[in-house]
Amino acid sequence: MIPRSIQQIVTAHQQKEGAGFLVRRPVPTSGLDQVDPFLMLDEVGSVVYAPGKAIGAPDHPHRGFETVSYILSGQKLHEDSTGKTQLISAGDVQWMTAGAGIVHSELPGPAFKAAGGLAHGFQIWVNLPAAEKFAEPGYQYLPASQIPQAQSPDGLIDITVVAGEAFGVAAAIGTHTPIWLQDWRVSPGAKAEIAISPSFNVAAYVFDGSVSFGPDATLVERGQMAIFAAGDSLTVQSTREAGRFLLLAGEPLNEPVSRHGPFVMNTHDELVAAVEDFHAGKMGVIQR
Ligand code: MN
């Protein structure tokens with residue numbers, strides 16, 4: 001196998017989202033618009049909220065792509081214009097297809113808001129190909145107990161397989177295009193190599209400790225995202241300490257991207273239409 005080298009390391013910048021919560025965002029960032037088909041990666045928190053103080057993102061629309069919520073700590077209440085309500089707790093994943101258009105809210109779960117505590121998680125935006133940007137809106141939800149878990153042959157890496165496959169374990173979530181999204185927890189002394197399609201774009205965002213990648217065992221530290229060059233495998237090792245990272249890999253769409261706020265289309269005219277359709281109520285409202 002030809003292990004991928006690191007082509008670029010970007011450091012996440014911090015900014016506020018929703019009602020004002022802090023996120024760390026490695027993509028998009030200056031000089032990196034996307035890792036096709038991944039449009040955005042936000043690490044939400046970690047932040048400790050006092051009782052009654054947790055905040056989220058009230059009613060807002062999306063069209064043309066998918067939003068993935070993966071919660072490590074805390075609890076999120078999702079409500080949407082298709083009439084669905086979903087409590088998303090620690091370890092759970094919600095893979096939402098905005099498609100033709102949806103309005104949703106992402107607020108702290110009532111019990112979590114009342115008690116306060118540690119909030120930490122991810123939101124990832126995955127693009128849809130032009131032919132599927134008007135797919136029917138909806139979502140897949142998996143509680144933590146139903147997300148497949150894999151382990152490296154040396155037993156020193158544990159992997160939550162949200163999408164794709166790792167060491168013979170396949171995900172339970174279905175995706176519109178070939179995509180891997182996995183949470184890798186690497187113990188000291190671990191070393192593994194995993195085959196990944198040479199046609200995929202591959203990135204790894206380290207959010208705890210540090211992890212070394214590639215034939216030169218290049219160290220990537222907390223808050224950094226590595227973008228990998230061509231190859232047909234990824235080598236992962238711990239050379240210094242334990243580490244944890246999100247693996248993002250997928251077949252690039254190679255289509256024009258026109259994005260504005262919560263809408264991601266192929267052309268400017270389609271963006272204008274999305275804003276008009278939202279204001280005309282065509283993406284619905286959340287009935288409460
Ligand atoms: Mn949203």
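In listed order, ligands and their atoms are each counted from 1. No experiment lies behind these values; they were computed from the predicted model shown.
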Are Lys133 and Phe65 in a cation-pi setup, meaning NZ or CZ lies under 6.0 angstrom from the ring centre and within 45 degrees of the ring axis? no
Report the name of the N/O/S atom of [X] located nearest to the Mn ion (ligand 1).
X	result
His62	NE2
Glu106	OE2
His60	NE2

Do the ring planes of Phe207 and His120 sit parallel (below 30°), tilted (30 to 60°) or perpendicular (above 60°)?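 Rings of Phe207 and His120: perpendicular, over 60°.
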Side chain to side chain donor-acceptor pair (under 3.5 Å) assessment of Gln151 paired with Asp158: CA-CA 5 Å; Gln151 199 170 62; Asp158 293 298; 3.0 Å; yes
Are Leu39 and Leu32 in one and the same hydrophobic cluster, where Ile, Leu, Val, Met, Phe, Trp and Tyr link if side-chain heavy atoms are under 4.5 Å apart?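 No, no single cluster joins them.
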